[in-house]
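Accompanying notes for the structure given below.
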Amino acid sequence: MAASIFAAVPASPPVAVFKLTADFREDSDSRKVNLGVGAYRTDEGQPWVLPVVKKVEQMIANDNSLNHEYLPILGLPEFRANASRIALGDDSPAIKDKRVGSVQSLGGTGALRIGAEFLRRWYNGNNNTATPVYVSTPTWENHNSVFMDAGFKDIRTYHYWDAAKRGLDLQGLLNDLEKAPEFSIFILHACAHNPTGTDPTPEQWKQIAAVMKRRNLFPFFDSAYQGFASGSLEKDAWAVRYFVSEGFELFCAQSFSKNFGLYNERVGNLTVVGKDADNVQRVLSQMEKIVRTTWSNPPSQGARIVATTLASPQLFDEWKGNVKTMADRVLLMRSELRSRLEALGTPGTWNHITEQIGMFSFTGLNPKQVEYMVKEKHIYLMASGRINMCGLTTKNLDYVAKSIHEAVTKIQ
Ligand SMILES: Cc1ncc(COP(=O)(O)O)c(C=O)c1O
């Protein structure tokens with residue numbers, strides 16, 4: 001038999017976070033804990049279908065006017081409008097001026113990808129693959145690859161995390177903004193920075209925006225955790241809204257995976273803010289071309305759930321309550337973990353655990369300590385030391401805290 005035409009295809013390494021979950025599933029130790037997964041868990045360690053989502057799913061199932069016809073290429077109009085409204089605010093002047101456009105996407109990843117494809121074709125001169133794209137160090141692992149796969153050739157990093165002080169390296173970040181070639185693209189985490197859980201303060205955002213404006217740098221916000229960081233949709237959208245108020249043209253990739261718990265429905269939106277309605281319409285017409293050859297048109301179920309919820313004042317309030325339930329549980333786990341580590345006298349300072357926000361915390365554990373946690377303690381976390389606070393429960397907190405204590409004291 002002739003050799004396979006795929007014989008020369010090299011095996012690609014597995015995606016780290018999915019591999020971690022697979023290893024966790026196979027582990028038969030009863031003490032095992034998964035702090036790797038990027039999803040919300042209840043205090044029983046279970047996934048949570050938001051009560052408002054269950055209710056709206058029933059409403060959709062009972063609505064005989066709905067069918068399974070194709071959606072328009074750019075998506076469900078009421079979903080797109082409401083998604084952009086929660087990013088930019090009810091009284092956004094940009095919305096009033098009709099200079100906001102939206103593209104329904106397959107999750108936040110799809111929004112990033114459509115945005116990246118568009119920029120590669122049309123930003124700063126057409127077919128421009130040489131424009132530098134800057135991502136934070138560290139960042140969500142997919143940022144690099146999404147922009148690379150869209151054709152960008154010059155992906156760079158900007159300073160973000162200061163390991164020594166376990167906080168934002170503002171000066172490093174501002175220096176990188178000053179040094180970047182004009183018109184470079186900057187991927188900014190709108191809130192709840194993944195993986196560090198460390199966001200700029202409003203004052204720091206103002207400094208960032210001032211340099212970006214002066215140097216003509218393009219902000220591409222990634223908003224995957226609106227509501228999760230502080231429990232408030234408004235606070236978590238502060239940076240995006242501030243940039244809009246400063247007159248920036250920008251993109252904002254929104255994910256509804258986490259704040260609606262709709263991970264597998266793939267619900268996202270790309271909000272485009274331009275200078276005027278005419279510009280935005282032309283941009284959307286090009287995005288329509290990109291979507292047509294990518295997924296042709298998006299799925300409807302998740303978008304219907306989100307649109308129905310956001311459009312009804314009563315359901316909207318219920319949803320905000322559900323988001324707050326999740327955010328509050330994360331906050332509780334943060335303070336419980338910190339107080340346990342401090343009570344144990346674990347070397348180092350642990351205030352960063354409560355100062356960081358969102359789902360993730362950058363513990364500061366080094367790769368060897370992480371390996372000890374995984375191999376000896378059956379506690380699964382990313383090699384970077386990132387933990388998902390939702391993996392903690394009132395039942396496993398003591399065990400996790402003692403294990404971190406052991407890892408830090410035994411392994412340097
Ligand atoms: C920073 C960041 N951006 C985007 C995403 C992608 O979200 P989605 O699952 O909706 O594609 C994630 C998911 O983990 C994320 O953490």
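As the structure lists them, so they are numbered: ligands from 1, and atoms in each ligand from 1. Since the structure is predicted, the reported quantities are computational estimates derived from the model, not experimental observations.
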Carboxylate-amine/guanidinium proximity below 4.0 Å for R113 and E117:
yes

Test ring-ring contact (aromatic ring centres under 6.0 Å, His included), reference F186, set F221, F251, F218, Y158, output is Y158

Pair K368 + E371, salt bridge at N-O below 4.0 Å: no

Do ligand 1 and G108 have nitrogen or oxygen atoms that lie under 3.5 Å from each other? yes

**Study point:** Pair K206 + E203: basic N to acidic O under 4.0 Å
**Key:** yes

Under 4.0 Å between heavy atoms, the region of T109 that gets near ligand 1 turns out to be both

Ligand 1 atoms nearer than 4.0 angstrom to some heavy atom of R266 are 8 (P), 9 (O), 10 (O), 11 (O)

Nearest heavy atom to atom 16 (O) of ligand 1, choosing from F256, Y225, F260, belongs to Y225

Looking only at non-hydrogen atoms, the one of D222, L106, L112 nearest atom 2 (C) of ligand 1 is D222

Exercise. Relative to the ring of W319, is the ring of F260 parallel (under 30°), tilted (30 to 60°) or perpendicular (over 60°)?
Worked result: parallel

Is R329 paired with E336 through a side-chain N to carboxylate O contact shorter than 4.0 Å? no

_Is the distance from the ring center of Y123 to that of F220 below 6.0 Å?_
no

For G107, the atoms of ligand 1 under 4.0 Å from one of its heavy atoms are 10 (O), 11 (O)

task: Indicate yes or no: does an N/O atom of K258 lie under 3.5 Å from an N/O atom of ligand 1?
output: yes

Review point. Does at least one non-hydrogen atom of H193 fall below 4.0 angstrom from an atom of ligand 1?
Key: no

- Query: Under 3.5 Å, N or O to N or O, is S255 touching ligand 1 that way?
  - Reply: yes

